[in-house]
Amino acid sequence: MTILVAGAGISGLSTAWALTKRGVPVTLLEQGPIPNPLSASGDQHRIIRRAYGGQGGYQRRIGDAYAAWDEMWSDLGEKHLVETGFMLLSQQPGDGADVYREGLVEGGYPFEQLSPEETAERFPFVDPATIRYGALSDEGGVLLCQKIASSLRGWLIANGATVLEKSRVSAVDTAAGSVTLADGSTLNGDHVVVTAGAWTLGLFPKLDQSLTTYRTAVVYLTPPDDLKDAWARSPAILDPGGTIDGYVLPPVPGTGLKFGAGIHRYEARPDQDRTAKVGEGETLRDYFSPPFGRIKDYRVDDVVTCAYTFTADEHFFVTTQDRATVVSACSGHGYKFGAVVGQKLAEGIMSRDMETARVWLEARD
């Protein structure tokens, strides 16, 4: 059995890792370098946490995700997870932070609830007049994406997988189990796993009934000097409350202070508008006042554009056609499940039971 994996974001890298561990010959194809700065997996860091609020299926699966990462750290010989914990800031009843807090309660996960004044005393970048409460969890942190991708690339090569960078797949023949590359050459396998992220619809345009591609961006900021220490010891902020569907990742060693907002997105092709627009960083930054005070004193250092595929209900998507399986473990929250996504796909391929893998990954139970 030989498997072709098209796309070396975290899902593709993890699938190649899980298959290689099981002795399956793998060829991993990536249109750019690994890590690819244009991919959703190519940024500096991404959050991992227990709280899931309304998506209980994923909350029940997060334990498996942690276990898969632990197995990967063991294989890599290094841990690319900084355990910062996470915080919720609620501005109004029923906002995102409130929903996540309910998920913690329902899951029986411990957390500490703080008054607005207590929150601002510990984290002086918060304006206490703008929040209802803060909630802190010790379990959670940030995954270092670029280090993970580089380490997995090295591990795959060292363990006999074929890794082809700058090898863009232009077509997939699902009946033959083959792919055609941009240079016209063809590779054959027993099964093709397509983990192409935002580029999936370019290969399978009919899946636009299930998948929508969006362009978004994140901003890296330098806070005022008197708040730098507070941000350096801050937990990841899973939700700052309000209506922006935002998050903040603290500047752990090797990364910057990162702000992202779910409302800052629009439908676009994956290669469209990948250069940040004039003033985009300031727009992203300013979404976060409230709950953060003095927001205009934060200096914009960089704006990184991203492209994601989403399903309507933000669950993952899996479909198998003949000898090809297309996976979109994205919808804005897929990275934290990357290692276990690879394990489930490998199990499905080896057992020839992709339906069980699909049910697990789509997490509707």
Side-chain angles (χ1 to χ4, degrees), residues 5-13 29-46 145-146 149 164-172 179-184 194-221 244-247 249 256 258-288 300-317 319 326-335 338:
V5 180
I10 189 57
S11 294
L13 284 163
L29 299 136
E30 169 54 44
Q31 65 178 333
I34 300 173
N36 187 340
L38 290 180
S39 77
S41 300
D43 201 5
Q44 294 180 12
H45 49 352
R46 300 286 294 275
C145 310
Q146 293 171 0
L164 301 179
E165 299 174 80
K166 299 181 180 179
S167 300
R168 184 174 67 85
V169 174
S170 59
V172 177
V179 300
T180 300
L181 303 185
D183 64 6
V194 179
T195 51
W199 285 265
T200 300
L201 293 179
L203 297 171
F204 294 90
K206 291 183 180 179
L207 293 182
D208 64 356
Q209 295 182 356
S210 301
L211 302 173
T212 304
T213 304
Y214 289 91
R215 183 267 196 200
T216 184
V218 298
V219 62
Y220 287 90
L221 302 170
I244 65 169
D245 186 23
Y247 65 92
L249 300 189
K258 172 181 171 181
F259 284 44
I263 62 169
H264 191 80
R265 73 181 195 189
Y266 56 87
E267 289 189 35
R269 300 181 307 277
D271 298 310
Q272 181 182 337
D273 299 342
R274 295 308 301 266
T275 300
K277 300 175 183 179
V278 174
E280 188 168 8
E282 288 75 13
T283 296
L284 273 162
R285 177 196 67 190
D286 293 351
Y287 288 142
F288 290 81
V300 173
D301 294 327
D302 194 18
V303 179
V304 178
T305 63
C306 316
Y308 295 93
T309 51
F310 280 74
T311 59
D313 61 4
E314 298 189 2
H315 284 249
F316 302 162
F317 175 85
T319 185
V326 182
V327 183
S328 179
C330 193
S331 287
H333 65 100
Y335 194 95

Identify, with sequence neighbours excluded, every residue that meets side chain to side chain donor-acceptor pair (under 3.5 Å) alongside [X].
X	result
Asp271	Trp199
Ser331	Thr311
Ser328	Thr309
Tyr214	none

Inset, instruction - Spell out, as yes or no, whether a donor-acceptor pair under 3.5 Å connects the side chain of Thr216 to the backbone of Cys306. - result: no
Quick one: list whatever passes side-chain contact (heavy atoms from CB on, under 4.5 Å) with [X], sequence neighbours left out.
X	result
Asp208	Leu201
Ala149	Leu13, Ile34, Pro35
Ser41	Ile10, Ser39, Tyr335
Pro33	Asn36, Pro37, Glu165

Legend entry - Close side-chain approach of Tyr308 to Arg265, heavy-atom, < 4.5 Å: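 Contact flag for Tyr308/Arg265 side chains = no.
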Inset, instruction - Would you check if His333 and Phe316 make a side-chain contact, meaning some heavy-atom pair closer than 4.5 Å? - result: yes
Legend entry - ring pair (Phe, Tyr, Trp, His ring centres under 6.0 Å) partners for Tyr247, two or more places apart: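 With sequence neighbours excluded, Tyr247 shows a ring pair (Phe, Tyr, Trp, His ring centres under 6.0 Å) to no residue whatsoever.
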Legend entry - Under the ring pair (Phe, Tyr, Trp, His ring centres under 6.0 Å) test, residues paired with Phe288 that sit two or more places apart: Phe259
Inset, instruction - Rounded to the nearest 0.5 Å, what's the gap from CD1 on Ile263 to CG on Leu284? Could you check? - result: 9.0 Å
Legend entry - By salt bridge (charged side-chain N to carboxylate O under 4.0 Å, His left out) - contacts of Arg215 (at least two apart):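 Expected list: Glu280.
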Inset, instruction - Could you pull out all residues at least two apart from Asp43 that satisfy salt bridge (charged side-chain N to carboxylate O under 4.0 Å, His left out)? - result: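 Here the qualifying residues are Lys258.
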